[in-house]
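It should be emphasised that the depicted structure is a prediction, and the values quoted were computed from it without experimental measurement. The chains referred to below are lettered A, B, ... by the order of the sequence lines, with proteins before strands, and numbering in each begins at 1.
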Protein chains: 2
Amino acid sequence: MVTIKDVAKYAGVSVATISRVLNENGYVHEDTRRVVEKAIKELNYTPNEVARSLYKRKSRLIGLLLPDITNPYFPQLARGVEDRMQQSGLRLIFGNSDESQQKEQDYIQTFVQNNVVGIIASTNFPGMDFYRRLKIPVVFLDRISSDRPAVYADGREGGRIAAQQMIERGSRQIAVLQGPAHVRPAQDRFQGAVEVLQDTGVTYEVVQTDSFTLDEAQRRAEELFVSFPETDGVIASNDMAAIAVLHEALRLGKKVPEDIQIIGFDDIPLSELVSPSLSTIRQPAYDMGKQAAELMIQLIENDDVELKSIQMPVQFIQRGTTRIKAEESI
Amino acid sequence: MVTIKDVAKYAGVSVATISRVLNENGYVHEDTRRVVEKAIKELNYTPNEVARSLYKRKSRLIGLLLPDITNPYFPQLARGVEDRMQQSGLRLIFGNSDESQQKEQDYIQTFVQNNVVGIIASTNFPGMDFYRRLKIPVVFLDRISSDRPAVYADGREGGRIAAQQMIERGSRQIAVLQGPAHVRPAQDRFQGAVEVLQDTGVTYEVVQTDSFTLDEAQRRAEELFVSFPETDGVIASNDMAAIAVLHEALRLGKKVPEDIQIIGFDDIPLSELVSPSLSTIRQPAYDMGKQAAELMIQLIENDDVELKSIQMPVQFIQRGTTRIKAEESI
DNA sequence: CTCAAATAAGTAACCGGTTACACATAAACT
DNA sequence: AGTTTATGTGTAACCGGTTACTTATTTGAG
């Protein structure tokens, strides 16, 4: 491996000069710089980030913690984060927490041990001690925290919109999937929806789920139609669950959206491609990732940014699992 | 930050002894060890990986390079890799290449600069110079290489099976989506399919695609039915494309699988949930990730493992987009 | 009881960068 | 000309671990 010493020797200068050229700081004579740059190129030298990181006590790595990239919503967040980070020369150390506190803590520890400059986390435990103790910037993504900056979508409003649309489009026996109790955004959506349903006095049922896994979604979908066969509208906790419900409804021979309407949450890429395509509450996942990255970069560059959280707007996307309203059909 | 020196002082021993306790090597007296462990716990000390990595010239990080986690097939690979690595205390630095050689090269460089112990890559350029020059283990995933160990599915066989099934189940005007020319597995699948179609003398058309993005898939799906309205069977290059085709077919009022059969490739989690559910050639993505990680760990621990590649079996999954054969309906 | 081998623990060099500090020379200013 | 000030470059300490080497003590075989 070529080190800075090799380059120094080759160029006939000291290591300090090489370092100055690399970092574009301190005084370096124009001629010297050219010689050094030539040497770097000829030896095909790239500096060792680890050594740099040790002295500086900060790497060029960001820790990213997500619950489970197998859920298609999260890769979009991740891409947003990555793409923005890349622009600033930052890279990601990555981990799935599977919503386990232990795993989460282990990853955070690894991040710290590797001198990451910041952590972006989609955690269910934003108040935990191990987050409080961190001396590096933390941004919560798709999660809410009072302690720390966060980027999240307006889940409550999303829930409200979903319920309103359901009602406006004619459903009267609505089932609401609650989503895991410990996942804050799921609860916000749920509450938003219930709020509206209560206000308008529409009959509704609640189906609780413990996780966001696909298996679970499928099981709940089956149960749903057994327990509440009269249901004519389902507000799902996310698109995966909605698609599971849709699938089950069709399997039972129900007509969608005529017999039953379904609204998802997230707008994952595939929701457009199921048949009928899924009406949903869109969260701008990719942009949320980008925003989180942006915020992180601000925090890194300028550590006196005031605690700032960004709430992103949600939006109803009318597709094939909800009926067309009179004024829309013009 | 608590360093090894702080612990040494607190425990009243030298840093060497702390290090010996941590790494469980060299001689340490039982009593001393207890004192040190107590000190570590009380000071809440965790060793700095960066310093360790600098001296050892190897970190506990693995570089993972994928084309695009937004495609639901790749997160499964990633999870497989991650879960296996986690068991051995290894973590991931992660990047999406977007099939750009430049991006790929940049990530590889970052990996090397961070002293990763190995690289797992799903690259389109396995023969590139910058892979050859690497002195650390490289495992190609979902890709084939003659130079390096690789874990991949038997794409050709998959293609053959898809074509056979299509024919056995009665399609006679088959369209084959070719997939991006530079993506080896896509070409293997394609060739496998064409091989069988030619042998059996069934009419077929080829639709070429340049990328695996969803947009592209949708566009090709539309074109397909314009250019070849008589098509009664589609062999897609992956499940995303298959789902796009399915969606378009249904939009055009075609009956699936009565008028047209569709077979995908990958078996992403959602393919079971579209309606009708998607018949596909299953690749064991999660297991492939695990295998790649396993192979990597072998290569790290024992550098004289002979060049070994693992071909994983593929399997036809009969679902709703292909017709039921006589003998199956019993 | 003697002496080699095993056990225990400290000192300091080392990994590959960065930078404070020192020193030298050139340019700018009274 | 004499003194600041700016420019250019080298030396060596430092970041936080690991380990080769050294020294001291204990154990055990003959």
Atom-pair distance (CD on A:Glu30; P on C:dA26), nearest Å
18 Å

Give a yes or no on whether a salt bridge exists between A:Asp31 and A:Arg34, defined as a side-chain N under 4.0 angstrom from a carboxylate O.
yes

Can you check the A:Arg33 CZ to D:dG8 P distance for me, whole Å?
11 Å

Which residue, B:Gln105, B:Glu104, B:Arg148, forms the side-chain hydrogen bond (donor to acceptor under 3.5 Å, both in side chains) with B:Tyr131?
B:Glu104

What does the B/S/- profile of nucleotides 18-23 of chain D look like, 5' to 3', with a 4.0 Å heavy-atom cutoff to protein?
BBB---

Is the NZ atom of A:Lys103 crowded by more than 12 outside heavy atoms at less than 6.0 Å?
yes

Distance, rounded to the nearest Å, where B:Arg57 contributes CZ and D:dG16 contributes P:
21 Å

Find the distance A:Asn115:CG to D:dG17:P and express it as a whole number of Å.
10 Å

Return the nearest nucleotide to the side chain of B:Tyr27; candidates are D:dG16, C:dT7, C:dG17.
C:dT7

Go nucleotide by nucleotide along DNA chain C from the 5' end; which of A:Val2 and B:Gly12 gets its closest nucleotide reached first?
B:Gly12

Quickly work out the A:Met1 CE to C:dG17 C1' distance and round it to whole Å.
10 Å

Does A:Ser53 reach a base, just sugar-phosphate, or nothing at all? Heavy atoms under 4.0 Å.
nothing

Have a look at B:Val50 and say if it touches a base, only the backbone sugar-phosphate, or nothing, with a 4.0 Å heavy-atom cut-off.
nothing

Report yes or no: do A:Gln283 and A:Tyr152 form a side-chain donor-acceptor pair below 3.5 Å?
no

Summary of salt bridge (charged side-chain N to carboxylate O under 4.0 Å, His left out) pairs that have at least one residue in residues 108-129 of chain B, sequence neighbours excluded
B:Asp129-B:Arg133

Grab the NZ-P distance between B:Lys9 and C:dA9 for me, whole Å please.
20 Å

Under-4.0 Å salt bridge between A:Asp142 and A:Arg184:
no

Nearest-nucleotide pick for B:Thr3, side chain only, options being D:dT9, C:dG10, D:dG17:
D:dG17

CD of A:Glu24 versus P of C:dT19: gap in Å, rounded?
14 Å

When the distance from NE2 of B:His29 to C1' of C:dG10 is rounded to whole Å, what number comes out?
16 Å

Does the distance from a Lys or Arg side-chain N to an Asp or Glu carboxylate O, for A:Asp83 and A:Lys290, drop under 4.0 Å?
no

